[in-house]
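Worksheet: the structure to be examined is printed underneath.
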Number of protein chains: 4
Amino acid sequence: MAGNSFGTLFRYTSWGESHGPAIGVVVDGVPPRIPLAEPDIQHWLDRRRPGQSRYTTQRREPDEVKILSGVFEGQTTGTPIQLMIDNVDQRSKDYRNIADRFRPGHADYTYWKKYGIRDYRGGGRASARETASRVAAGAVARKVLGSGISIRGALVQIGLHAIDREAWEWPAVEENPFWCPDRAMAVRWADYLDQVRKAGSSAGAVIEIVASGVPAGLGEPVYDKLDGDLARAMMTINAVKGVEIGAGFGAVPLSGEQNGDEIRMKDGKPVFLSNNAGGILGGISSGQDIVARFAVKPTSSIPKPMRTIDSEGHEVEIETHGRHDPCVGIRAVPVGEAMMAVVLADHLLRYRAIGGEV
Amino acid sequence: MAGNSFGTLFRYTSWGESHGPAIGVVVDGVPPRIPLAEPDIQHWLDRRRPGQSRYTTQRREPDEVKILSGVFEGQTTGTPIQLMIDNVDQRSKDYRNIADRFRPGHADYTYWKKYGIRDYRGGGRASARETASRVAAGAVARKVLGSGISIRGALVQIGLHAIDREAWEWPAVEENPFWCPDRAMAVRWADYLDQVRKAGSSAGAVIEIVASGVPAGLGEPVYDKLDGDLARAMMTINAVKGVEIGAGFGAVPLSGEQNGDEIRMKDGKPVFLSNNAGGILGGISSGQDIVARFAVKPTSSIPKPMRTIDSEGHEVEIETHGRHDPCVGIRAVPVGEAMMAVVLADHLLRYRAIGGEV
Amino acid sequence: MAGNSFGTLFRYTSWGESHGPAIGVVVDGVPPRIPLAEPDIQHWLDRRRPGQSRYTTQRREPDEVKILSGVFEGQTTGTPIQLMIDNVDQRSKDYRNIADRFRPGHADYTYWKKYGIRDYRGGGRASARETASRVAAGAVARKVLGSGISIRGALVQIGLHAIDREAWEWPAVEENPFWCPDRAMAVRWADYLDQVRKAGSSAGAVIEIVASGVPAGLGEPVYDKLDGDLARAMMTINAVKGVEIGAGFGAVPLSGEQNGDEIRMKDGKPVFLSNNAGGILGGISSGQDIVARFAVKPTSSIPKPMRTIDSEGHEVEIETHGRHDPCVGIRAVPVGEAMMAVVLADHLLRYRAIGGEV
Amino acid sequence: MAGNSFGTLFRYTSWGESHGPAIGVVVDGVPPRIPLAEPDIQHWLDRRRPGQSRYTTQRREPDEVKILSGVFEGQTTGTPIQLMIDNVDQRSKDYRNIADRFRPGHADYTYWKKYGIRDYRGGGRASARETASRVAAGAVARKVLGSGISIRGALVQIGLHAIDREAWEWPAVEENPFWCPDRAMAVRWADYLDQVRKAGSSAGAVIEIVASGVPAGLGEPVYDKLDGDLARAMMTINAVKGVEIGAGFGAVPLSGEQNGDEIRMKDGKPVFLSNNAGGILGGISSGQDIVARFAVKPTSSIPKPMRTIDSEGHEVEIETHGRHDPCVGIRAVPVGEAMMAVVLADHLLRYRAIGGEV
């Protein structure tokens, strides 16, 4: 099966290149009679939009979404929903110098090896611009999930600087350009990233996505487990190199008795005394918060010169000028939220199919 | 789509419970005229087989595989290959005491919530016994990949005890019961796990899988990226809580110039000067070694008592006696290898479909 | 995706060759807590079983089904259900003479061209024996559909001899070896087929399958329409060359006003005044009876000599002796019923996923 | 899986309603470096375009296609290809009178029952306008197939008036507004359809699609057989009620020896002496012409009044004025060709995946 679709019942297909006329996404499998209008989607696209602070790329894209199908008189009809975003700020001339050179850490080399042709303008299909399609699909997924399920993301580490989890306050996330839940750390990151930017370098990041209000029962063992689908969803985001659920790699040094989340009853309902499982047991949601975390590598396109080759096999150097993102991880927060949303929406529909009352 | 299949063109469907009459796997999409016989599969099953050291469960299963279809006169025919393994050592009586209690960290609670019924005997479908099906499918995948691609796994950390990467020697992996590539560390792990076992506790582990000889070009952007599929493949293995590719979470503290794998020419061929990417760029293999790592949580079933509830909502305690696996991560090594193999075989066929000469 | 699976949510994977040790089917996606036992499946297999009259092949197969997984204490558990049928009456020696010759009308030639290898014993994977797997899966599908939906099939034409639709009586179907709903025609068919058999020839047939009690709303436009899926389902049965829904090809000579099924109200409910649509409009069930019809070509293996070639390109003659089925269409009736059942079960689950209360 | 996609490796997703701003299709899985430009697609869309004779609807649509992604410097890049067609001649006011009434033979009633909402303007998603997306995808499929495979369609019957097969001349198809290969019959159809139109009625049709130059080996037994996929492909075209391969229903009255296509050698190659199989044996192409035929019912929207109900359950009458297509089958010819192309392209890629040299 061709690789540009995601999901089984709630299924979207993404298309478009960084410097083509437009990008977009067809969302298929949306139940009928859900209220949906462009502002519902625009809201989330605006959060991902580049150029909102000096810490992200200065590409100026309004990212204005149009609904071309699947909605009638303000409601979904059960037919496929085409969401289109015109590319406005393309500046193709910036990229001529990298047409024949493979930027280290980028997909340039592998696209060229695989396809024998590549749209080098702005990374073409491999550009992070594709993530706008994910955010648009995620906005529709949130409508499918309904207001009882909330999905929030935060940046919890840049470079070596991890937040203090004791200082976590969700409102703080909306108050700084980093989606940082630790106010003190946000200040330190600002300084740190200014240094990184001036040095012509870049930094990696860790993002955490938390879904609350998810009912127990989502996930289809043993290969479409909820955590398996989340791992795939997050790992396919540009520049992601690792994914964790709950305690993740941090579970390894724990003992069995530390790691197992014990259960008690409270007000007639089961309560877990910890959440090392990240809300997923045996691939199925348990009713606890779903917690996923992913690592984003430092931006590969940097002003510092790097050694590489060109498409004819000559050894050359390359340096990337112009718009420069010192930490691509920042803009990955809304994308991670969107991927959580599409995975949950798909599994919600799948659970309903076998009789789950959700 | 129901959740017990994996892969697109090389696609297998796993079935069976821990204490049913048998488990097995149907492998569909195998190209014709590949030599295949039962010993080719048995070889890998024997590596996964429990009860081979005091560090793994004492369940005694011969795990003898039978080919029921898809092979004629020693060769695959292009039709589906059914591989069946009888369950021999079932001891159903061991499990009566947990029929109504949810073991913390196990799928007991979520299966019961999702399905309203569960085969509690030995974990039923959620048992690690299912991984025998993965290993069987992986053995077929290795035949599809051919001898030019090698897939090897090693255990690189137990609890807090990580190997010394400078001491890595592949032959060592075959010489100790831990698949440990660092001979000195293997000795320390033996002591450590003896303590863990005596304490009635358990330990987590990190496994690393390396595929060499993989041609450039495997992986289908942007949702069926090779790393995305590997992440899903590994995360669906029992007890896995995290997956990394290449530098993984370790890429976060690196600078852009440290992380990007520079390229030079050697003997007329491109050579990467490092492998932080883990052999995958933009979701496509680069020709370097593919490196995936995953975290296995400490065994949830332990002799130490844990607090939980039963299916009627009473607060109870539970302790697991009988066969006890102090570190389930150990047996996950051959399983991780198998999952690497099935992912690569699938993408090899997919690449051929669009003209890739591999 | 490999070709041995059918369905999306209710999805089964068939495996096995005519003369291997066994055939079977894994049914995945079955909702939990449905009572299921071997006799539920055996009942339908017994209807398909060969050798029950002189009008079908004399292969003696008990076709005894075993449930190997997915059922616990008499109920489905939501995990995959493996159904296995041992091959008993294999008589491999019968087939040696056709090992290198391509029987006209058979898959011998195309399997050999495609795969470069073929299990020639009894047709291998291309044998009608595979339809036992369909019937087994169909039996499970019927349980998913519940008792409110009935699926019945009948043979309505053999050779040029079509039934009189005015004489249709469902009970008659159980009273003759042809599933013929027209008692008088059943007598004529008996004579006719005796002649055909004596002449060493064979005859084609038309089968009609009717599903009653199907709720409105099943079918997913525009490519997973209910009629599209039925067409594929029926056309993949061995020897089928045509499929119709409702009036089918008979709609062509009708005028628009004759063909359109008008609607009136009766007892507060919509009533269609005819059923040329065969219960499907725009790919979605309307609540009327679903009516599908398919054409089965005359048996290709006949005692009469036919001209063909062998695998080395020599011109040869071939004649098939031994067990001979003068009209393979007869045994296709339970198979067509099963395919109707699996299509409906799949669409029932899919409709539930988007909120359909069925 | 949601229902608006078709194909496995060559896979397209269609979107759009009759009276929305646009319709389109994303084609995923196209191999790289295939020359493709808008005129390649426009050529086929122009053949389907309405309003070209008095025998088809008078809706005036330029059907101008735009390529929005997946093509770079005149070649495919291996990334998804978005093809968009703006809706120009929408005339929404025409349809207000049918907003609450269910046209007999249309999808109005079933969409309303299934989704509880429907875009009634011009049939919404159920409009034959969707077939433009099929034709666009088919144009891309033809490029994948290459010039060695030709796909041609013809109309072989309108109402009771079938062509004389002895008079079949392919060039004639381009010379009359009916795609009729029998020149004399084309004249009779013109008269007949004028009468039908004046009578405010409509007529059904049979279309035949022939693919030549198809290599042996395409098709994946046993559920993704080539004929199974063609049956689904054709049956999902608007108003189709039956599909045949080769002799189809006409095989039923034949004897086994008449029906089996005998084989001889000619110039060192196998030659079939007839083609009752329609080029497919056991679900796999044999190298002969692939022949598929389908029945299109008479147009349901006719000026003659029909009895129906409205959405509140009142018995009403309905008559359709304005643009009226006396035989929708005529415009189905390019659509049937397109569906043949997409099925073959998909199976070509699938065959390559397992090593087929095509």
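Convention: sequence-line order gives letters A, B, ...; per-chain numbering from 1. Because the structure is a prediction, the values reported are computed rather than measured.
If you measure heavy-atom distances from C:L226 to chain D, you find no contacts under 4.5 Å at all. Heavy atoms of C:A233 lying under 4.5 Å from chain D are absent altogether. Both the backbone and the side chain of C:K113 come within contact range of chain D, judged by heavy atoms closer than 4.5 Å. Looking at C:H106, only its backbone comes within 4.5 Å of chain D, counting heavy atoms on both sides. Contacts of C:I354 with chain D are made by side-chain atoms alone, with heavy-atom separations under 4.5 Å and no backbone atom involved. Only the side chain of C:R350 comes within less than 4.5 Å of a heavy atom in chain D; its backbone stays farther off. For chain D, the nearby part of C:V316 is the backbone; its heavy atoms alone come within less than 4.5 Å. Of the atoms belonging to C:T299, it is backbone heavy atoms, and not side-chain ones, that fall under 4.5 Å from chain D. Both the backbone and the side chain of C:V222 come within contact range of chain D, judged by heavy atoms closer than 4.5 Å. Using a 4.5 Å cut-off between heavy atoms, C:A277 touches chain D through backbone and side chain atoms alike. With a 4.5 Å cut-off on non-hydrogen atoms, C:D108 does not touch chain D at all.
Counting heavy-atom pairs closer than 4.5 Å to chain D, the top-ranked of the candidates C:G105, C:G329, C:G248 is C:G248. Between chain D and the residues C:A205, C:A251, C:G159, C:G260, the largest count of heavy-atom pairs under 4.5 Å involves C:G159. If you tally non-hydrogen atom pairs under 4.5 Å between each of D:G242, D:C327, D:G250 and chain C, the highest count goes to D:G242. For the set D:A295, D:G287, D:P305, the entry with the most heavy-atom pairs within less than 4.5 Å of chain C is D:A295. When each of C:A199, C:S300, C:G313 is checked for heavy-atom pairs under 4.5 Å with chain D, C:G313 comes out on top. Counting heavy-atom pairs closer than 4.5 Å to chain C, the top-ranked of the candidates D:V296, D:D261, D:I318 is D:D261. When the candidates D:G278, D:G282, D:S255, D:G355 are compared by the number of heavy-atom contacts under 4.5 Å with chain C, D:S255 comes out ahead.
Using a 3.5 Å distance cut-off with no hydrogens or angles, the side chains of D:N4 and D:T13 do not pair a donor with an acceptor. For the residue pair D:S127 / D:E17, no side-chain donor-acceptor distance below 3.5 Å is found, with atom types taken as modelled. Counting only N and O atoms by type, the side chains of C:R125 and C:S14 include a donor and acceptor under 3.5 Å apart.
Taking CG from C:N275 and CD from C:Q288, the interatomic distance works out to 3.5 Å, rounded to the nearest 0.5 Å. A distance of 12.5 Å separates CD1 of D:I302 from CG of D:D325, quoted to the nearest 0.5 Å.
Judged by distance alone, the side chain of C:E244 and the main-chain N or O of C:F249 form a donor-acceptor pair under 3.5 Å.
Note on ring orientation: taking the six-membered ring where Trp is involved, the planes of D:F102 and D:W112 are tilted (angle from 30° to 60°). Taking the six-membered ring where tryptophan is involved, the planes of D:F272 and C:Y109 are perpendicular, since the angle between them exceeds 60° and thus also 30°.
Closest of all the heavy-atom pairs between D:A239 and D:V328 is CB-CG2, 4.3 Å.
Counting heavy atoms from C-beta on, the side chains of D:I284 and C:Y115 come closer than 4.5 Å.
Checked against C:D227 for a side-chain contact (heavy atoms from CB on, under 4.5 Å), the options C:V243, C:V343, C:I245 give a single hit: C:I245.
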